[in-house]
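This report refers to the structure that appears directly beneath it.
Proteins get letters first, then strands, A, B, ... in listed order; numbering begins at 1 in each.
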Number of protein chains: 2
Amino acid sequence: MARSMMIETRNTRQKNAIRAAFIETGRPLSPEEALHYAQQKVRNLSIATVYRNLKAMVEEGSLVPVQFPGESTRYEASGKAHHHHFWCNGCKRAYELEGCVPKLSLKLPRGFRSLGHELVLYGMCAACAPSYAS
Amino acid sequence: MARSMMIETRNTRQKNAIRAAFIETGRPLSPEEALHYAQQKVRNLSIATVYRNLKAMVEEGSLVPVQFPGESTRYEASGKAHHHHFWCNGCKRAYELEGCVPKLSLKLPRGFRSLGHELVLYGMCAACAPSYAS
DNA sequence: CTGCGTGCAAATGCTTTGCAAAGAC
DNA sequence: GTCTTTGCAAAGCATTTGCACGCAG
C-alpha cells in the first residue's frame, strides 16, 4: 500500500521558507504561525500556499499533523522519536516533550484493540509561568 | 471568580432531547451526532439549536468539550471521575475509558509547570475490530 | 520550453448570529 | 402576557480550490 517513492516536488523559495520555519523553531506550528515565520523570508507568501504546502508535506511524510483541544491543527517535522507535547495555556504554543509514559494500564472494554496513543500536558511554559508566580 | 449560581434556562423539548442524547449514549458526541439522536425525539430540531445548546451547557458546566485529532469538537457530560478516551478509527466514535496512567514521568523543561493532561488511545472498538481480523 | 507552483479571489463547509414567530412559565 | 428559545437564512471564518501567470528544472 505504501508508496515506495515520494512524489517529486519542486524546490521553491516558498516551500523552502515554510520548511525552514519548522526546522528553526523546532516546535509544532499552526498554518498561521508557519506563515509568519516564512514571510520573514518570502514577503508576499500567501496563506493558500502555506496550506497547500503543509498538505503536500504531510502527504510526502515530512510533516505530521498534531492537534490540541480547541485549536486549529498544528504540524511538526516527522521522523522524530516517539514523544508527546506540552501546551502552554499562556502563549498558546505547543512544545515537544521527550519520553513517554512508563506503561499504559488503562482498561480497554472487551474486544477493543489499541493501536496507539496521544498524550498532552497542559500548563505554563517557562516564559509564561512567572506571570502567575508574582 | 466562579459563578455561584448557574444561569437559569428554560426547559424546552429541544434542550431535553439534546441532554438525553448524552445521557443515553454515555459517550462524547459531535454536534452532528447530538442532532441525529435528538431528532429522534424532536423531528425538526435544527443544527443551530444544537450548537446554541451545546454552548450553553458548556457555560453552565453540564458539558465539557473534548477534542480528537482531525475531528470537530465532541462534548460529554461533566462531573465524571478523571478519565480518558478511546477513539475508534473504524466508526469514528469516541468512547470513555476508566482509569488513568499510573504516573506521568515526562521530563518537563526547566520552568515549565504542568497543570493537567489529556490522553487518547486509538484503535478499533469491539464492533469494528472483527472486520480487520478476517 | 514545459508544466508545476503561486497569488489572488471565489468557493466551501462548519459554526455563529439576526430576526420574527413559537413556546415556557 | 413577558421574555426566552427556536428555525430559518444570512453572516463569519478557517481552509480549499479555480485560474492565469511566474518560475523551477
> What is the distance, rounded to the nearest whole Å, between atom CG of A:Asn16 and atom C1' of D:dG25?
Replying inline: 14 Å
>> Whole angstroms only, please: what is the NZ-C1' distance between A:Lys55 and D:dA14?
In response: 14 Å
> Is the B:His82 to B:His117 ring centre distance short of 6.0 Å?
Replying inline: yes
> Does A:His85 reach the side chain of A:Pro28, with side-chain heavy atoms less than 4.5 Å apart?
Replying inline: yes
>> If you define the side chain from C-beta out and look only at heavy atoms, does anything of B:Leu63 sit under 4.5 Å from B:Glu76?
In response: no
>> Heavy atoms only, 4.0 Å cut-off, all strands: where does B:Ile47 land among base, sugar-phosphate and nothing?
In response: nothing
> Does a side-chain N or O from B:Gln14 land closer than 4.0 Å to OP1 or OP2 of D:dG7, or not?
Replying inline: yes
> Separation of B:Arg43 atom CZ from D:dG7 atom P, in whole Å?
Replying inline: 12 Å
>> Counting only heavy atoms not in A:His36 (residues, nucleotides, ligands), do more than 12 fall under 6.0 Å from its NE2?
In response: no
> Between B:Thr73 and A:Val42, who's closer to the 5' end of DNA chain C by nearest nucleotide?
Replying inline: A:Val42
> Quick one: A:Gln39 CD to C:dG7 C1', roughly how many Å, whole number?
Replying inline: 12 Å
> Is there a side-chain contact between B:Val42 and B:Thr49 (heavy atoms, below 4.5 Å)?
Replying inline: no
> Separation of B:Glu71 atom CD from C:dC14 atom P, in whole Å?
Replying inline: 12 Å
> In whole Å, what is the span from the CD atom of B:Glu59 to the P atom of D:dT5?
Replying inline: 12 Å
> Roughly, in whole Å, what's the span from CG in A:Asn53 to P in C:dG7?
Replying inline: 9 Å
Compile the donor-acceptor pairs under 3.5 Å between side chains in residues 19-27 of chain B and protein atoms, sequence neighbours left out, one pair per line.
unit_1: B:Arg19; atom_1: NH1; unit_2: B:Asn16; atom_2: OD1; d: 2.9
unit_1: B:Glu24; atom_1: OE2; unit_2: B:Lys41; atom_2: NZ; d: 2.7
unit_1: B:Thr25; atom_1: OG1; unit_2: B:Ala21; atom_2: O; d: 2.8

> Where the side chain of A:Arg52 is concerned, which of D:dC19, C:dG5, C:dG18 is the nearest nucleotide?
Replying inline: D:dC19
>> Would you say B:Thr49 places a side-chain N or O within less than 4.0 Å of OP1 or OP2 belonging to D:dG7?
In response: yes
> Taking C-beta and beyond as the side chain, do B:Ser114 and A:Phe86 meet within less than 4.5 Å on heavy atoms?
Replying inline: yes
>> Within the 4.0 Å limit for protein heavy atoms, which parts of nucleotides 20-25 of chain C are touched? Write it as a string from 5' to 3', B for base, S for sugar-phosphate only, - for none.
In response: ---BBS
> In whole angstrom, what separates B:Leu54's CG from D:dT5's P?
Replying inline: 15 Å
